[in-house]
Amino acid sequence: MFPYPSGQLHMGHVRCYTLADVINRYRRLKGFNVMQPMGWDAFGLPAENAAIKNGIPPARWTHDNIAYMRGQMQRLGFGIDWSREFATCDPEYYHWEQWLFLKLYEKGMVYRKNATVNWDPVDQTVLANEQVVDGRGWRSDAPVERREMAQWFLKITAYAEELLTELDNMDGWPESVKSMQRNWIGRSEGVEIDFPVLNAEGAKDENDAVLTVFTTRPDTLLGATYVAVAPQHPLALAAAERNPEVAAFLEQCNQSTTAEADMATLEKAGMATDAFVEHPLTGERLPVWVANFVLMEYGSGAVMSVPGHDQRDWEFARKYDIDIVQVIAPVDDTPCDLEAEAFTAPGQLVNSGDFDGLTSAEAFAAIAQALAERSRGRRITNYRLRDWGVSRQRYWGCPIPMIHCDKCGVVPVPEQDLPVVLPTEVEFEGVRSPLVTMESFLHVACPQCGGDARRETDTFDTFMESSWYYARFTSPDANTPMVDERVNYWAPVDHYVGGIEHAILHLLYARFYYKLMRDEGLVPGDEPFNRLLMLGMVLQDGKKMSKSAGDAGDPQKLLDKYGADTVRTAMMFAAPPDQSFEWSEAGLEGALRFLKKLWSQVQEHVAGGTAPALDVAALTEAGSSLRRKAYTTLAKADDDYGRRIQFNTVVSSVMELVNAISKCEPGNDADRSAVQEALQIAVLVISPVAPHITHQLWQVLGGTDALVTSRWPAMDDTALTQASIEMVVQVNGKVRGKIEVPADADQAVILDLAKASENVHRHLQDKTVRKEIVVPNKLVNLVVS
RNA sequence: GCCCAGGUGGUGAAAUUGGUAGACACGCUGGUUUUAGGUACCAGUGAUAGAGAUAUCGUGUCGGUUCGAGUCCGACCCUGGGCACCA
């Protein structure tokens, strides 16, 4: 995941890009053609904030930051193909984003509707959520108001089903991320039910107006004693016009905050209206209430309320003295006392006329059927996922390529006029976007009638740019829409590495966007990222890493003090990739010590002169046991790098190998060739983690080519064979001794050796052996009593 | 409330397929080298008892399966993350 150019790298970046670089360098050693690109998620609010604070134009601030951070990355030795670098604020990049938006507009995948924004009444501008602190504007300190504005939306809900079901096939993604996305999409199956609206005389409305609700529990329909609508529902608004008390209540609801966390803790409140609806099956008259807990955004903004079998409805009914009717009875011994609480489990229907006796599941189908026959209901699937609002009332973003004409309405910018370039020479006057007052940008001829028109001044949500940049890396200079045919060689991304904080929004939008591009015939496959490595967070004092961290959290200070290899090694050794951990400087000393030790072992070895060619037959025990260790390490590292993606254990196993090398006392000249081989393996295996020192050591060890062009060593299984094996002996499952057995010993021999072993013999005295278990090459367990 | 991931020494952690729990490091203790400190090297380091050999206990808690459980099963506790008046 490419970074936001905030100014400097933090340890979270170091971890992310080191992990990616280790994968990159390992795969190159294995002979793969690897593209490791880098770019900059360059649009966004911090650049504007810096401009407002320091008077530096966002473009310059951003480019300065990019230059500095690029230098830091180069110093860390990341094997990046800088020829593919771009920033999302380059017009050559966002040009194609505007292009796709227009294509989607033609297709009907884009629409405009009103949505709520945070309005700062003093600064007269829209605020981003981050700019609202405790309900007040970050600069004006004025209480923020809710305001409705026309905004652009992308129909992500049209892809909800595919985005959900595809998750089941994504084996390369961690379960936790898939689970988070499933929750976010929030699919629920139910029935949409129409309640005919009654007029003041109690008769059906002459236009056959209906109030539509969504429920996942149609089996409880006969227990509905009222319906409740959201404060923003048309029925509520109509009632407010007739009754000032209702109007006052709606006003009160609208004043409360938009933050969802606060909504949940809000006390349930409601008010009866003078409206009534007719029960679609019984014909009974049900009152319509306005309730503050009904959300206009979900379903149809109205619910049927069944206080007997929904806890929330139960509490509401209790508070306002509405009838509670039981229509579901437990089928097992689940307690059911409607005086105390609602009975929410499925069960068997009662008080439901023809449906009595059916189970909840049977009744679901039967009632849905009955409603369908009367044209009063239909089975539907509802999603929690909302369409993606992409308009931002901000300056530093990609201009939305639309024109507003008084005569023609909203007119898209013609394709040949793209890109709509964002002016970069700007000055901020206060908080407002400079675009709003910039005539040279605003004024434009209407593409349809040629008359005076004005440009859209909103820009795209920056998640738009980060939804497709990875595809652009395949053809960063393409002059055709978005990408060119090179995308078919590279895409989809084999291995995507990034922080857990992007588990939902970025990764869901990117998946959606990829499908949009696929449906334009631009990219191969259905999903953008085959394998996802979700990093845990790097914490400092229990908090997420940020610029504010101390010296131990400043990569620049650490690079100056320890060098890139040590920082990289310490970072990889600290914890497995998916785990969050507290960063501390403590690990650096250990990593430095290890690299120094590797260095001195190589120097010491070559000081002894050239080792002869390897002659396995001539090795002493010291030499062949070192060889065994070297090849065990090689096999484990291969598995850890390639399959397990766990690099802390690669570092520790190379540490073991280096320890073994330093302890090895060559018995003859042939053993020195085993040391040579072991050092070469150690250097190669750790090189993805510590590329600089190993580059040098590789040459010292006689490498003729540069290490980066070398290949991962071939496995030699014969090095693993050994004449005798140590086995553990247990008595009743407890370790009582260890024995050396010949590698080819049969069970009888092993058991004899085991029983003869001194401590084991003691534990067998006066006991009868009931069972003998031999696990080849591992252990013997004698069950006695 | 629902979903996901975790819980192992003083610390970061390892144990991949049910087979020696604590590899590898950090830290600490003692020693060698050094005028001293640091570095480097050597030894020790889960708890308890013991001079030691060794024994007992020990992977959140309780129970189960198994010759054998950190690993599998059941119930529960705790931590972190996600979703949530979602009808």
Need one value for A:His309: base, sugar-phosphate or nothing, where a base atom within 4.0 Å counts as base even if backbone is also close, heavy atoms only.
nothing
Fit a plane to each ring of A:Phe529 and A:Tyr496, take the angle between them on a 0 to 90° scale, and name the class: parallel (under 30°), tilted (30 to 60°) or perpendicular (over 60°).
parallel
Side-chain N or O of A:Arg312 less than 4.0 angstrom from OP1 or OP2 on B:C86?
yes
Quantified in whole Å, what is the P atom distance between nucleotide B:A40 and nucleotide B:C78?
46 Å
Separation between the C1' atoms of B:G22 and B:C42, rounded to whole Å
23 Å
Which pairs, protein N/O on one side and nucleotides 43-52 of chain B N/O on the other, fall under 3.5 Å?
none

Salt-bridge test for A:Asp168 and A:Lys178: reply yes if a basic N is under 4.0 Å from a carboxylate O, no otherwise.
no
Paired with A:Val654, the side chain to side chain contact (heavy atoms under 4.5 Å, CB included) test is passed by just one of A:Thr649, A:Ile686, A:Val689, namely A:Ile686
Measure up the A:Phe316 and A:Tyr320 rings against each other and bin them: parallel (under 30°), tilted (30 to 60°), perpendicular (over 60°).
tilted
Any side-chain N or O of A:Lys636 under 4.0 Å from OP1/OP2 of B:A14?
no
Mind calculating the distance between CD1 (A:Ile739) and P (B:U20) to the nearest angstrom?
15 Å
Atom pair CZ/OG1 of A:Arg187 and A:Thr381 - distance to nearest 0.5 Å
4.5 Å
For A:Arg531, the salt bridge (charged side-chain N to carboxylate O under 4.0 Å, His left out) test, sequence neighbours excluded, returns none
Would you mind telling me which residue lines up with the more 5' stretch of RNA chain B, A:Ser662 or A:Ala269, judged by nearest nucleotide?
A:Ser662
Salt bridge (charged side-chain N to carboxylate O under 4.0 Å, His left out) pairs, two or more places apart, involving residues 225-234 of chain A
none
Can you name the ring-ring contact (aromatic ring centres under 6.0 Å, His included) partners of A:Phe647, sequence neighbours left out?
A:Tyr641
Would you please confirm or rule out a distance under 4.0 Å between OP1 or OP2 of B:U54 and any side-chain N or O of A:His763?
no
Of all of residues 211-234 of chain A, which get a heavy atom below 4.0 angstrom from RNA chain B, listed by number?
A:Phe214, A:Thr215, A:Thr216
Keeping to residues at least two apart or across chains, list the salt bridge (charged side-chain N to carboxylate O under 4.0 Å, His left out) pairs with something in residues 652-666 of chain A.
A:Lys629-A:Glu656
Can you tell me, in whole Å, how much space there is between the C1' of B:C2 and that of B:A15?
34 Å
Taking B:A53 as the reference, what is the distance to B:U8 when you measure between their P atoms (whole Å, please)?
30 Å
Which is true for A:Pro576 with a 4.0 Å heavy-atom rule: it touches a base, it touches only sugar-phosphate, or it touches nothing?
sugar-phosphate
Is B:G58 syn or anti, taking syn as a glycosidic angle within 90° of 0?
anti
Distance-only, no hydrogens or angles: does the A:Gln181 side chain make a donor-acceptor pair with backbone N or O of A:Ala503 under 3.5 Å?
yes
If you go through the side-chain atoms of A:Lys778, does one of them form a donor-acceptor pair with the base of B:U20 closer than 3.5 Å?
no
Rounding to an integer number of Å, can you tell me how far A:Gln579 CD sits from B:G6 C1'?
8 Å
To the nearest 0.5 Å, what is the distance between NZ on A:Lys597 and CD1 on A:Ile661?
10.0 Å
Using whole Å, report how far NZ of A:Lys268 lies from P of B:C85.
10 Å
Would you find more than 12 non-hydrogen atoms of other residues, nucleotides or ligands less than 6.0 Å from A:Lys319 atom NZ?
yes
Taking B:U66 as the reference, what is the distance to B:U11 when you measure between their C1' atoms (whole Å, please)?
35 Å
Kindly give the atom pairs (protein nitrogen or oxygen, nucleotide nitrogen or oxygen) under 3.5 Å for nucleotides 1-5 of chain B.
unit_1: B:C3; atom_1: O2'; unit_2: A:Ser179; atom_2: OG; d: 2.9
unit_1: B:C4; atom_1: O4'; unit_2: A:Ser179; atom_2: OG; d: 3.3

For RNA chain B, find the residues of residues 590-605 of chain A with a heavy-atom distance under 4.0 Å and give them by number; none if there aren't any.
A:Gly590, A:Arg593
Using a 4.0 Å heavy-atom cut-off, does A:Glu772 contact any base of the nucleic acid, only the sugar-phosphate backbone, or nothing at all?
nothing
Residues in residues 643-654 of chain A with a heavy atom under 4.0 Å of RNA chain B, by number, are A:Arg643, A:Arg644, A:Gln646, A:Asn648, A:Thr649, A:Ser652
Contact class for A:Arg762 (heavy atom, under 4.0 Å): base, sugar-phosphate, or nothing?
sugar-phosphate
Hey, is the main chain of A:Ile328 close enough, under 3.5 Å, to the side chain of A:Gln326 for a donor-acceptor pair?
yes
Within the structure shown, what part of the strands sits under 4.0 Å from A:Ile504 by heavy-atom distance: base, sugar-phosphate, or nothing?
sugar-phosphate
Taking any heavy-atom pair under 4.0 Å as a contact, classify A:Ser305: base, sugar-phosphate, or nothing.
nothing
Give A:Arg736 one of three labels, base, sugar-phosphate or nothing, depending on what nucleic acid heavy atoms sit under 4.0 Å from its own.
sugar-phosphate
Toss me the dot-bracket line for RNA chain B: Watson-Crick and G-U wobble, both under 3.5 Å, 5' to 3', using | for pairs to another strand and [ ] for crossers.
(((((((..(((......[....)))((((((.......))))))((((....))))..(((((..]....))))))))))))....
Same-atom distance (P) from B:A5 to B:A55, integer angstrom
40 Å
In whole Å, what separates the C1' atom of B:C73 from that of B:U65?
7 Å
Students often get this wrong, so: under 4.0 angstrom with heavy atoms, is A:Asp639 touching a base, only sugar-phosphate, or nothing?
base
Which atom pairs link the protein and nucleotides 65-70 of chain B when you take only N or O atoms and keep those under 3.5 Å?
unit_1: B:C67; atom_1: OP1; unit_2: A:Lys771; atom_2: NZ; d: 3.4
unit_1: B:C67; atom_1: O2'; unit_2: A:Asn781; atom_2: ND2; d: 3.4
unit_1: B:C67; atom_1: O2; unit_2: A:Asn781; atom_2: ND2; d: 2.6

Nearest to the side chain of A:Ser188 - B:A25, B:A21, B:A87?
B:A87
Under the salt bridge (charged side-chain N to carboxylate O under 4.0 Å, His left out) rule, collect the residues that match up with A:Glu726, sequence neighbours excluded.
none
Taking B:G80 as the reference, what is the distance to B:C86 when you measure between their P atoms (whole Å, please)?
24 Å
Pair A:Glu175 + A:Arg182: basic N to acidic O under 4.0 Å
yes
d(CG, A:Asp578; P, B:A13) in whole Å
11 Å
5'-most contact on RNA chain B (nearest-nucleotide basis), A:Asn759 vs A:Met655, goes to A:Met655
Quick one: A:Glu189 CD to B:C86 P, roughly how many Å, whole number?
18 Å
Return yes if a side-chain donor-acceptor contact under 3.5 Å exists between A:Thr18 and A:Arg568, otherwise no.
no
Is there a donor-acceptor pair under 3.5 Å between the side chain of A:Thr694 and the backbone N or O of A:Ala690?
yes
Less than 4.0 angstrom between a side-chain N/O of A:Gln311 and OP1 or OP2 of B:C85, yes or no?
no
